[in-house]
Each structure stands twice: as structure tokens, then as C-alpha cells.
Amino acid sequence: MIYHLSSIAKVITMEAIETRYRTHTCGQLRGGDVGRTVALAGWVHSYRDHGNLVFIDLRDRDGLTQLVFDPDTCGKANHDEARKLRSEWVIGIRGQVTARGDEALNPKLPTGQIEVRVTDLTVLSISSTPPFVPDEHETVSEDKRLVHRYIDLRRASMQQTLRTRHRVTKLMRDHLSDLGFWEIETPFLTKSTPEGARDFIVPSRLMPGCFYALPQSPQLFKQLLMVSGCDKYMQIVRCFRDEDPRADRQAEFTQLDVEMSFVDRENVIAVTEGLLRRIWKEILGKDLPDPIPHMDYDQAMSQYGSDRPDLRYGMKLHDITDLAQQTDFGVFKSAAMVKTIAVPGGGKLSRKETDALADWAKGLGAKGLAVTKVTAAGLDTGVAKFLAPIAAKLIERSGAGDGDLLCFAADRSRIVHKVLGELRLKMARDLNLAPSSEFAWLWVVNFPLFEFDEEEKRFVSTHHPFTAPLDEDLSKLDSRDRPVVESIKSKAYDIVVNGSEIGGGSIRIHRMDVQQKVFSLLGIDEAAQKQKFGFLLDALHFGAPPHGGIALGLDRLIMILRGTTNIRDVIAFPKTQSGADLMSGAPSAVDDKQLREANIRVVLPPGKPPAAS
RNA sequence: GGGCGCGUAGCUCAAUUGGUUAGAGUACCGGACUGUCGAUCCGGUGGUUGCGGGUUCGAGUCCCGUCGCGCUCGCCA
């Protein structure tokens, strides 16, 4: 696990609130405090027993302070007690802050100019031998960390993450409050929504057989708050989606949810940029581009094969469908689309490695992956012999240079973009092409409003069914012609940094007639509309203002700020890939009484033993 | 639901082609030590090799099943 702690601009220490236990924190004392009598409390981070002198590094969330137990100053009883101290015991001490001698300075610690010569020691709490110690030098498997999360969270990097998370949410509230936003809570026990992810459901005791759903997001409620005249709403809110987790995804996650009335796309974008600019400045000391560039969805897909391109490196996709027709290569001539990317320095890959790439591409649905190497003399190896007639134009169009590897995908556009888009990411990772300390920001705009679901043979919303189409495309909502419907663009926008989508939103539909046309196009009939979204549709009858908003993924934002690729690192009490909390043991069976009250009977799938309660 | 990887001492790991009593570092326990800061030195305790079954003269190692963790595809408006 790598953290770029060095990017944290300054060491932040807290002021201790003076109590009977302490006058200062363990990260607070400096050379200027020499001579003071202080009290400290914290955990024994490490001990070094020299028989006569005993050194203790005392830790709290603020840092480490070295304590010295010298029988001459602390007395024999305290010295004997000090020799018994072990890792993670909780102690309180009193003593004098003294300057360290020149040879005893510790430049690794902010408190390294001083130490505290102890006069009084109180053991506040002893600890069993811990399963692991919360030291950054230790590497501990993640499941052990999750079982004893309260110990893992004592580690400096985890504390730094929790502190960063707090500072970011405070900035969000302060910044948006200053702009006139109100934080308004929305229900967690709510109505199941038909589209989108699988819902977590909660049985109703009072209405047997009925269920609440936990919100996938407060989408409908924040729109209703706009209809309610609240004008500017924000909430830092938990969302729930019952889908399999990933490295950057948990079933419950946190969003900064924002909605505004009487705005257009650029107003929401401006508010979001202002907030992100302030967060990056205050947390990392870095500036964002002003403005953050916009890119059309169509351009992102055709040039990068992704709707969230990582712009820290090149390797653009180049369309060579026309050139491919001039070759005798059957795979190229028969394909609907042929595109290529030039991998810088990829020419050093071995035959074995490029063969492995082809296998990898097959896993993504491609029939294969054609490659050739670019040398000073022209194209060499791989499919070079087929490309001789177009070699010069190919090199010119792709911008490839000596030592690059040209990779080709020939297929339907969806497969071509998927394979080359993923290949871009893989090559950047394998060849280390992405500078880790840079941030490449981007707004992706003009998404298609609908996508055709080949399996269900119907249109589905790209974003969600309340997203407004561009004004110039309104008339196309009456069409059922697939190319026409697919050409409708929406007022949706995603904010992307380094290939990670950290937020997205849209201007919503505020007119009843438009909303009904969209439902109709999605194949949701009037009865279903009324049953699923009746309350929103009702609200649109009673004077809905033009409105729109955005939701930022707080967990992913913190991941980027902290330089981790593991979402569990930025959540205090996260769950595993099977949705378990290894510390509490959730989920677990409940007793029969609880089931009866909830009017629930458990029917296990065949072959599954009942869970232990 | 599918694919890949991992599971050995409290922790992190090793163990040759299947071969003697499963080792090391660290932690822990005992001892020594007045300037350490990942202290040092000496000695010691510590194992259901995730679990169940199988193959074999012999299994940490091979096979089958199962559980857990991770990555990933599907999924995630």
C-alpha cells in the first residue's frame, strides 16, 4: 500500500483541550516548550529498555513524543512500572519537557528536538499482546486489519486519511453553505426504484409483506426539494446499491449530493469546479486548470475508447478503417471499424508478451489483437507484411515513432473502443506511463440520452430517466427510429480526473410532457409510471422550476487525494467483497422472533446450510 | 454466477521432484545493559500447514470438495 504522504502540504497538529489527563497532545511539543511541566496521555507505541534508562514513544492521533524514565527523576516505583509497559498500553504521564542533546535529536519526528522526562506514571489501561502493531513499517494482511479495525485505524496513515476525509467534508459544507446551499436530510427508508442497481430492501413490520428500499441515491427527493422551493440543496449522504463490490466500489458509499434551481449546465459546473478547486488547494496545495476543459462524449469514445479518459498520457485511438480497405488483410477489410494506438516504447515487448496481449484482448470480446513494431526502417514483425501498402500513411496518421508498438482492433465500434480503451490503460500501467503526482481534469459532456439494450431489446437511460435532453433534440423524442433516438444528446455531465469518474449530474426534466415522452420511449407505461414515480410526476404538475445538480463520489475523491487504489483504505469500517464486516460479523442470521415480527420466512437456496446466528 | 491468485507460529514469510523432528525474522517470556529512537546482546516458549475427504510406504507440497480473503468479468440508471 503506497501513500504519497509527502504531498500533504503541512503537518497539522491539534490543540489539546486541557483535562485531568493531559495538557498537550503527543504531536504538539517543540523546542520552545523546553522547561514546561506537561501531562500527556496516549498509547505505548514502542519501548526501549536499557535497564536503567527506559524510553517510551507515546502515541496519540497527533504524533509521537519520546518519554524518558530515569530513576533519578521518576523514582524507583515509576521506573519499575515503566519497565513493564508493553505495546498499546494506555498511559498518562507528567514530566518536564527537556531539550535533547545534539546527538540525541530525532529528525524523523516533528517532536524530535525534545523529550519528556517523566516524574509521574499512571497506567490507564493495559493491552493484551496485539495481533499486530499499528506501525507503518509493518505489513499486515488486509483481513487481519479488518478484523481488528480499531487497531489498524491507529496507524498514522489511516488517521491521516480520516483527518483528510473530515477536512474535505467540512470544506464541502462550508463552501456550499457560503453559496447559499442548505443541507437537508432525505429518507433512508424509501421506495424501491425499478431502473438501475439492485436495491437493498427492508421489511415493514406495520405493513406485512411490504418493503422499504434503501436509497441508491436521493435523486427523486432532491428534485422534490427543488419543486418545494428550497432552491439550493446539498447533503453528504450514504447511498446503497446491492451489487458486487470492486476495488473502488462498496455496496454502501458516500456522495456529496447537490441540486440547484434556475440553473443551466454551466452553473452547476462552475459551482462544482469552485469547490474542487478549493479542496485541491487546501488539502494538496495544488491548483486546478481554470476552466477545466470539456470534451464531448463522442470524442472521448472515438479518441480514447472510454467515457472517462485518462489524459495523463497520449496513445489516442486513430481511425484507419479507410486505409485498412487498401490492404489484403481479410480481418481488416471485412471489419466495420479498424483503429490503432501507438504504444510508446512498446517495441521492446517480446513475441510472447504481444501474444499474451492478444489473449487478453480476446477476454474482452475481441477476436484478437494485431500488432506491429515501428522501426527507423518502417514496420517490422507481426502483421507488418499486410500493411506494407499503407505503412507510410499509418505511421503518419498514428504519429508513431521508432520503438513504438502499433496495436490494431478490427470489429464493431463498440468492441474496438472497449479493447483499445482498456489497452491504453493496461499499457500505461505496465509501462508506467502515467505520472503519479499529476492530475488530468476533464468534464465529459453531451452524453447520449439513451442507449439500446441489446438483451432486453429496448432503450435504457444512459444517466437516469429524469435527465433532460438538449433543447435542440426535444423534437426527436417522438421518434422510435433507432438511429434518431440514439442521436439524442442529454444535458448530463461527468467530472473525470486521471481516468476516474468522481462525479456526474445533469439538468433535469422539469416539464411534465417531456418527462412522459421519456418514460414512453423507455417503455414504462402510464400505469407503471404512476406506480413507480407517481409522486415525482404529481410534483411536476404543480410548478417545478428548471433545476439540475450533481453528485460527487466522496470515497473516490478521498482515494485520489490520498493516492490509494483501494476504497477500503478511505472508509473507517468497510466491508469485504462478500459484503461482510469482519469486525462485527455482519451480516448474520436473526432469531425467529425477529423474523416473525417482520413477517419474513427464510428460504435458503438448495445445498446452503443455514448461517450461524 | 464465471475466471485467476492467495491461505504454514500472534504477525510477515521460507520449506528442493512428494521424503528425517515444518524453519527464519519479528512479536511474546526470562536475563544483561545509562542515550536509545525499527535499540543491542544471551536464552526460551510458540504449529489442527483454513476445514473435510482422497491418492501414496510417506502429503505443507498432488487430486476432489468446501470455507475465507483479494483482483477481475458479468453487474453497478
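Naming: A, B, ... by sequence-line order, numbering from 1 per chain.
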Which base, if any, makes a Watson-Crick or G-U wobble pair with [N], both distances under 3.5 Å?
N     : value
B:G25 : B:C11
B:C41 : B:G31
B:U66 : B:G50
B:U17 : none

Check every strand shown and say whether [X] touches a base, only sugar-phosphate, or nothing at a heavy-atom separation below 4.0 Å.
X        : answer
A:Ser217 : base
A:Lys575 : nothing
A:Thr467 : nothing

Which sits closer to the 5' end of RNA chain B, A:Pro131 or A:Arg86, going by the nucleotide each is nearest to? A:Pro131

When the nearest nucleotide of RNA chain B is assigned to A:Ala580 and to A:Arg556 on a heavy-atom basis, which residue is associated with the more 5' position? A:Ala580

Please list all pairs meeting salt bridge (Lys or Arg N to Asp or Glu O under 4.0 Å) that have one or both residues in residues 41-60 of chain A, counting only residues at least two apart or in different chains.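 The answer is A:Arg22-A:Asp60, A:Arg48-A:Asp57, A:Asp49-A:Arg83, A:Arg59-A:Glu88.
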
Using the [atom1] atom as the point on both nucleotides, what is the distance between [M] and [N], in whole Å?
N     : M     : atom1 : result
B:C37 : B:G31 : P     : 23 Å
B:G68 : B:G50 : P     : 16 Å
B:G10 : B:C29 : P     : 15 Å
B:G47 : B:G38 : C1'   : 27 Å
B:U61 : B:G19 : P     : 11 Å
B:G5  : B:C64 : P     : 12 Å
B:G60 : B:U55 : P     : 16 Å
B:U17 : B:U56 : C1'   : 15 Å

Does anything in residues 106-117 of chain A pair up under side-chain hydrogen bond (donor to acceptor under 3.5 Å, both in side chains), and if so which pairs, sequence neighbours excluded?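 Every side-chain hydrogen bond (donor to acceptor under 3.5 Å, both in side chains) pair that includes a residue of residues 106-117 of chain A, provided the two are not neighbours, is A:Gln66-A:Glu115, A:Asp70-A:Arg117.
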
A correct 5'-to-3' footprint of nucleotides 33-40 of chain B, with B, S and - meaning base, sugar-phosphate only and no protein heavy atom under 4.0 Å, is BBBBBBB-

Give the residues of residues 245-259 of chain A touching RNA chain B, defined as any heavy atom closer than 4.0 Å, sorted by residue number.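 Heavy-atom cutoff 4.0 Å gives A:Arg246, A:Ala247, A:Arg249.
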
What donor-acceptor contacts under 3.5 angstrom involve side-chain atoms of residues 520-527 of chain A, with partners at least two apart or in another chain?
unit_1, atom_1, unit_2, atom_2, d
A:Ser520, OG, A:Arg480, NH2, 2.9
A:Asp525, OD1, A:Ala527, N, 3.2
A:Asp525, OD1, A:Ala528, N, 2.7

Set of salt bridge (charged side-chain N to carboxylate O under 4.0 Å, His left out) partners for A:Asp298, sequence neighbours left out: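 A:Asp298 satisfies salt bridge (charged side-chain N to carboxylate O under 4.0 Å, His left out) with A:Lys489 only.
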
Using the side chain to side chain contact (heavy atoms under 4.5 Å, CB included) criterion, which residues pair with A:Ala104? Sequence neighbours excluded.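 A:Arg100.
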
Counting heavy atoms not belonging to A:Arg241, are there more than 12 under 6.0 Å from its CZ? yes

Take atom OH in A:Tyr212; do more than 12 heavy atoms of anything else shown fall under 6.0 Å from it?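 At most 12 heavy atoms, drawn from other residues, nucleotides or ligands, come within 6.0 Å of this atom.
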
In chain order, what residues pass the ring pair (Phe, Tyr, Trp, His ring centres under 6.0 Å) check against A:Phe69, with sequence neighbours excluded?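 For A:Phe69 there are no ring pair (Phe, Tyr, Trp, His ring centres under 6.0 Å) partners, ignoring immediate neighbours.
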
What residues, two or more places apart in sequence or in another chain, satisfy ring pair (Phe, Tyr, Trp, His ring centres under 6.0 Å) together with A:Phe200? none

